Amino acid sequence: MANEYDVVVIGSGTGGYVAAIRAAQLGLTTAVVERAPVLGGTCLNWGCIPTKALLEHAHALKIAQDWKEWGLTIGQASIGLDMSQVQSRKDKIVKGLTGGIEFLFKKNKIDWIKGSGRLGGKGRVEITDGDSKTLTAKKEIIVATGSQPRSVPDITIDRKRIITSDEAINLKEVPKSIAIMGSGAVGVEFASIFRRFGSEVTIIELLPRLVPVEDEAVSAELERSFRKQGIKVLTGTKVTSARAGANGVDLEAQTGEGKAAKISAELLLVATGRGPVTTGLGAEDAGVAMERGYIKVDAQYRTSASGISAVGDVITFDEPGHPQLAHLSSAEGIALAERIAGREFRAINYDQVPGCTYCDPEIGSVGLSEAKARARGFDVAVGVFKFGVLGRAKIAGETEGFVKIVADRKYDEILGVHMIGPRSTELVAEATVALKLECTVEELIRTIHAHPTMSEAVAEAAHATHGAAIHS
Ligand SMILES: Cc1cc2nc3c(=O)[nH]c(=O)nc-3n(C[C@H](O)[C@H](O)[C@H](O)COP(=O)(O)OP(=O)(O)OC[C@H]3O[C@@H](n4cnc5c(N)ncnc54)[C@H](O)[C@@H]3O)c2cc1C
């Protein structure tokens with residue numbers, strides 16, 4: 001293997017591996033340094049894929065538990081879960097996908113350099129363990145070292161009783177009870193998984209509502225559904241201590257009204273966010289400016305050190321709040337690789353990044369929430385359509401939730417689409433195209449939506465924005 005490349009990528013997550021493939025497609029010689037024994041980073045190994053596999057098992061269990069409604073002749077009084085089969089199916093899916101990246105690397109002639117990468121001065125990456133050597137990047141080094149679960153002051157994550165998502169995806173047994181700190185995407189997805197698997201679930205959120213980045217109406221609907229499913233929801237509540245014992249964890253918390261609360265559970269899942277991975281990277285020595293541990297980049301992903309760029313979970317802009325999403329890291333990787341190869345740089349519009357949360361009911365959203373649109377001074381028009389009256393939703397037996405469109409009254413432009421309910425994580429793709437093409441509500445109304453589909457809820461929400469929903 002030669003040690004000189006056009007591009008050296010550190011990290012093989014969805015940011016790094018996609019940047020590498022795009023660079024190779026454009027004729028650049030490319031290496032990826034990855035220290036984990038597998039390619040694919042968080043998303044494939046510990047994030048998106050394993051959690052969605054577990055959620056699919058939860059969905060299968062839901063159908064089986066409702067066997068009478070579905071007319072299934074399962075022939076067993078109690079429907080259970082074989083966790084070893086659940087885990088082995090999940091692991092098989094993960095293995096297939098990570099193996100797929102190895103195949104794509106070979107196909108695109110990308111070298112996987114095994115070990116930890118350290119920035120070693122201009123154009124150089126030192127491998128500090130594994131294949132000990134120094135690589136040269138003639139054009140650019142891409143840092144895509146991602147993120148890891150963030151700890152919380154005064155709470156010791158022992159990975160047995162007090163765990164992170166890394167442990168939660170691999171549990172061999174379903175806990176009788178679990179408390180979950182944090183109600184972002186990771187927290188609410190695990191709440192849905194464990195509740196359906198049979199655990200007593202308590203979700204504790206410091207802010208006044210669940211999924212705080214979503215539109216307020218979505219948060220309210222999720223809270224209503226979670227309570228109906230028997231999930232205990234404590235919003236506006238701060239965990240003040242967590243002590244792990246032989247049989248479980250004892251938590252002390254303070255509610256918004258200043259009342260003390262005690263919660264006991266077999267496990268505590270800390271899902272309060274993820275922090276950047278830069279330890280041992282030598283970023284500061286290489287002249288890379290950092291902010292709160294994140295790598296600062298400009299609008300074209302350049303760091304402050306010449307020849308070093310960064311994408312994905314590890315980056316921050318001048319304006320804080322870079323979303324940590326697999327598809328965003330990939331889009332950044334593609335835009336960056338194209339810039340390095342001398343193509344036109346196609347900037348990402350961060351107001352048009354879709355977000356999906358695969359809890360039950362699912363959430364999909366893109367663009368401005370109603371509150372944000374008002375805060376930006378738009379004269380806002382809103383249209384809401386509930387899944388409950390939709391034929392396809394009734395057929396699926398999933399009638400909770402709605403689609404909400406936020407539009408600008410002046411030009412009729414769609415500013416945001418927020419949905420909670422069946423297939424929302426798929427339906428949001430249509431809304432994303434609509435925002436990308438600066439679609440008006442009228443154009444969405446005139447776009448014919450097939451029947452019977454869940455997508456009719458999007459069309460009906462557009463009608464509702466003009467005050468003329470057909471079916472409500
Ligand atoms: C439980 C969970 C569920 C999630 N679900 C979703 C979802 O459904 N949809 C979604 O869009 N996002 C989801 N995410 C977020 C998504 O996984 C991340 O946004 C995405 O993986 C970020 O990609 P990345 O390339 O920036 O970093 P990562 O995927 O974190 O990859 C970084 C890689 O760099 C390697 N590395 C780090 N430092 C070095 C070094 N010095 N040398 C060599 N290698 C190094 C690491 O081993 C790792 O493989 C989820 C995350 C979690 C935790």
Side-chain angles (χ1 to χ4, degrees), residues 1-3 5-26 28-51 91 93-120 125-135 137 139-149 165-166 169 274 276-283 295 297 301 308-315 324-338 340:
M1 258 188 235
N3 290 340
Y5 298 88
D6 291 322
V7 177
V8 175
V9 184
I10 308 178
S12 75
T14 40
Y17 90 75
V18 172
I21 291 175
R22 188 70 187 122
Q25 282 175 344
L26 295 171
L28 303 175
T29 55
T30 306
V32 175
V33 185
E34 174 56 63
R35 64 181 170 204
V38 281
L39 297 174
T42 305
C43 171
L44 272 71
N45 294 288
W46 312 283
C48 329
I49 298 298
T51 47
D91 292 343
I93 293 163
V94 168
K95 201 165 167 224
L97 291 172
T98 57
I101 297 175
E102 275 195 72
F103 165 79
L104 290 172
F105 274 17
K106 286 191 185 118
K107 183 182 155 199
N108 288 285
K109 303 192 173 38
I110 297 166
D111 289 338
W112 172 9
I113 312 294
K114 294 180 181 166
S116 288
R118 185 174 200 285
L119 298 168
V125 175
E126 292 160 5
I127 309 303
T128 56
D129 54 24
D131 306 343
S132 174
K133 56 177 157 183
T134 299
L135 309 177
K139 284 186 178 289
E140 196 107 356
I141 296 167
I142 299 177
V143 177
T145 49
S147 64
Q148 62 193 359
S165 57
D166 289 352
I169 54 165
R274 293 172 66 82
V277 177
T278 52
T279 314
L281 184 65
I295 293 178
V297 293
Y301 309 112
I308 303 176
S309 293
V311 293
D313 282 10
V314 77
I315 66 169
Q324 293 182 325
L325 294 167
H327 45 280
L328 178 59
S329 69
S330 298
E332 291 169 345
I334 289 172
L336 172 58
E338 290 175 350
I340 295 169

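Just so it is clear, the model here is predicted, and its values are computed rather than measured. Below, each value reflects all heavy atoms present in this structure, side chains not excepted, and no hydrogens, waters or symmetry copies.
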### Message
If I take atom CD from residue E332 and atom NE2 from residue H327, how far apart are they, to the nearest 0.5 angstrom?
### Response
10.5 Å
### Query
Nearest 0.5 Å, what's the CG-CD1 distance between L336 and I315?
9.5 Å
### Message
Regarding E140 and S309, do their side chains bring together a donor and an acceptor under 3.5 Å, going by distance alone?
### Response
yes
### Summary
OG1 (T30) and CD1 (I21) are apart, to the nearest 0.5 Å, by 10.0 Å
### Query
For T279 and R35, which heavy atoms make the closest approach, and how far apart are they?
O-NH1, 4.4 Å
### Task
Measure across I141 and A137 and return the closest heavy-atom pair with its distance rounded to 0.1 Å.
CG1-CB, 3.7 Å
### Message
Looking at D129 and G115, would you say the former's side chain and the latter's main chain have a donor-acceptor pair under 3.5 Å?
### Response
no
### Task
Examine distances only and state if a side-chain atom of S132 and a backbone atom of T128 form a donor-acceptor pair shorter than 3.5 Å.
no
### Main-chain N/O of L39 paired with N45 side-chain donor or acceptor, under 3.5 Å
yes
### Closest approach of S147 to D313 (non-hydrogen atoms, all atoms of both residues)
OG-OD2, 2.7 Å
### Task
Any chance you could lay out the salt bridge (Lys or Arg N to Asp or Glu O under 4.0 Å) test for E34 and K114, step after step, and finish with the verdict?
CA-CA 5 Å; E34 174 56 63; K114 294 180 181 166; over 6 Å; no
### Query
Out of curiosity, I127 CD1 to S116 OG, how far, rounded to the nearest 0.5 Å?
8.0 Å
### Summary
Tightest non-hydrogen contact, residues A310 and I295, listed as CB-CG2, 3.9 Å
### Message
Which heavy atom of P276 sits nearest to which heavy atom of V314, and what is that distance?
### Response
CB-CG2, 4.0 Å
### Query
Heavy-atom distance under 4.5 Å between the side chains of V311 and L328, does that happen here?
no
### Task
List the steps and the verdict of side-chain contact (heavy atoms from CB on, under 4.5 Å) for V125 and T134.
CA-CA 6 Å; V125 175; T134 299; over 6 Å; no
### Query
If every non-hydrogen atom of A337 is compared with every non-hydrogen atom of A19, which pair is closest and at what distance?
CB-O, 3.5 Å
### Message
Testing L135, V32, I113, L119 one by one against I10 for a side-chain contact (heavy atoms from CB on, under 4.5 Å), which residue passes?
### Response
L119
### Query
Does the side-chain contact (heavy atoms from CB on, under 4.5 Å) test come out yes or no for L281 and R118, once each step is laid out?
CA-CA 4 Å; L281 184 65; R118 185 174 200 285; over 6 Å; no
### Message
With rounding to the nearest 0.5 angstrom, report the CG to CG distance, L28 to N108.
### Response
11.5 Å
### Query
What distance do W112 atom CH2 and I101 atom CD1 have between them, rounded to the nearest 0.5 Å?
10.0 Å
### Message
For the backbone of V277 and the side chain of T145, can you confirm whether one donor and one acceptor N or O come within less than 3.5 Å of each other?
### Response
yes
### Task
State whether the side chain of S329 and the backbone N or O of G15 hold a donor-acceptor pair below 3.5 Å, judged by distance alone.
yes
### Task
Check the pair D111, F105 against side-chain contact (heavy atoms from CB on, under 4.5 Å), reporting the backbone distance first and the verdict last.
CA-CA 7 Å; D111 289 338; F105 274 17; over 6 Å; no
### Task
Under the side-chain contact (heavy atoms from CB on, under 4.5 Å) rule, what do V9 and V33 come out as? Steps first, then yes or no, please.
CA-CA 6 Å; V9 184; V33 185; over 6 Å; no
